[in-house]
Amino acid sequence: VQLQASGGGLVQAGGSLRLSCAFPGVAATYYATGWFRQAPGKEREGVSCISSSGGRTFYGDSVKGRFTISRDNAKNTVYLQMNSLEPEDTAVYYCAARRTAANNDYLSSDRDWYPYWGRGTQVTVSS
């Protein structure tokens, strides 16, 4: 499974970006999906995750109320809408996935639970 993350860029503090994680050639409906980020010199941390059904989600404490994860299984894509961006959100953002079953609520925020990873997309927030 090769995931394709896109949508990163340079934005001013308070701005918004929407990241996309595409699942080319596979049915995203079978995969729980997570967004993780890694800033220079820091551990990779969980940002947000969503079950294959979309019925269960997780948000890291630092992004609650600002970020929203969603999925469109018809388009084989998972999104991360990021609002009220802060300089502390600057990092490389990765999407990750694990096959569970179609339309169920299995989910984990543990990065080691996810076997499939895409290349990252850089998000830079200027102050």
Side-chain angles (χ1 to χ4, degrees):
V1 178
Q2 294 186 342
L3 308 177
Q4 294 180 350
S6 62
L10 173 63
V11 65
Q12 289 187 331
S16 299
L17 286 173
R18 187 176 80 159
L19 305 184
S20 298
C21 179
F23 289 68
V26 299
T29 189
Y30 289 97
Y31 293 85
T33 307
W35 285 98
F36 296 79
R37 67 186 182 186
Q38 188 166 19
K42 294 189 176 180
E43 293 280 327
R44 190 170 297 188
E45 64 170 341
V47 176
S48 184
C49 310
I50 188 167
S51 63
S52 65
S53 70
R56 189 176 170 205
T57 58
F58 161 84
Y59 293 95
D61 288 342
S62 62
V63 306
K64 284 179 182 176
R66 301 188 297 123
F67 291 10
T68 303
I69 193 169
S70 62
R71 64 188 306 143
D72 186 339
N73 286 337
K75 294 183 178 179
N76 280 343
T77 304
V78 172
Y79 303 98
L80 184 68
Q81 178 66 43
M82 305 187 296
N83 298 329
S84 302
L85 283 161
E86 303 168 353
E88 293 74 22
D89 296 316
T90 295
V92 178
Y93 284 70
Y94 300 88
C95 64
R98 180 185 179 105
R99 185 178 175 109
T100 55
N103 298 317
N104 74 19
D105 286 338
Y106 292 145
L107 186 63
S108 175
S109 61
D110 182 350
R111 65 187 183 192
D112 293 332
W113 189 71
Y114 295 89
Y116 306 114
W117 290 79
R119 293 184 178 182
T121 184
Q122 176 71 46
V123 171
T124 303
V125 184
S126 63
S127 57

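Values in this document were obtained by computation on a predicted structure and should not be read as measured data.
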For residues 11-19, dump all side-chain donor-acceptor pairs below 3.5 Å to protein atoms at least two apart in sequence or in another chain.
| from | atom 1 | to | atom 2 | distance (Å) |
| --- | --- | --- | --- | --- |
| Ser16 | OG | Asn83 | OD1 | 2.9 |

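- Scanning for salt bridge (Lys or Arg N to Asp or Glu O under 4.0 Å) contacts around Arg111 gives Glu43, with sequence neighbours left out.
- Atoms CG and OG1, from Asn73 and Thr33 in turn, are 8.0 Å apart once rounded to the nearest 0.5 Å.
- Residue Gln122 places its CD atom among more than 12 non-hydrogen atoms of other residues, nucleotides or ligands, all under 6.0 Å distant.
- Distance check, rounded to the nearest 0.5 Å: CG of Asn76 to OG of Ser20 gives 12.5 Å.
- The structure places OG of Ser62 at 5.0 Å from CD of Glu45, a figure rounded to the nearest 0.5 Å.
- For Asp112, there are no salt bridge (Lys or Arg N to Asp or Glu O under 4.0 Å) partners, not counting sequence neighbours.
- No donor-acceptor pair closer than 3.5 Å links the side chain of Arg56 to the backbone N or O of Ser51.
- Phe67 has its ring centre no less than 6.0 Å from the ring centre of Trp35.
- Hydrophobic cluster membership differs between Val1 and Tyr79, with clusters built from Ile, Leu, Val, Met, Phe, Trp and Tyr side chains linked at under 4.5 angstrom.
- Rounded to the nearest 0.5 Å, atoms CZ (Phe23) and CD (Gln2) are 12.5 Å apart.
- Here the OH atom belonging to Tyr30 is positioned 6.0 Å from the CZ atom belonging to Arg99, to the nearest 0.5 angstrom.
- At least one donor-acceptor pair closer than 3.5 Å links the side chain of Ser53 to the backbone N or O of Asn104.
- Paired with Phe36 under the rule ring pair (Phe, Tyr, Trp, His ring centres under 6.0 Å), one option of Phe58, Tyr114, Tyr93 passes, and it is Tyr114.
- Considering only heavy atoms from C-beta on, Leu80 comes within 4.5 Å of Ser48 through its side chain.
- Tyr59 and Val78 fall within a single hydrophobic cluster, where Ile, Leu, Val, Met, Phe, Trp and Tyr side chains are chained together by heavy-atom contacts under 4.5 Å.
- Taking the side chain as every heavy atom from C-beta outward, Met82 and Val47 never approach each other to under 4.5 Å.
- Residue Tyr116 qualifies as open at atom OH: its count of foreign heavy atoms under 6.0 Å is 12 or below.
- Taken from OG1 in Thr100 to CG in Leu107, the straight-line distance is 9.0 Å, to the nearest 0.5 Å.
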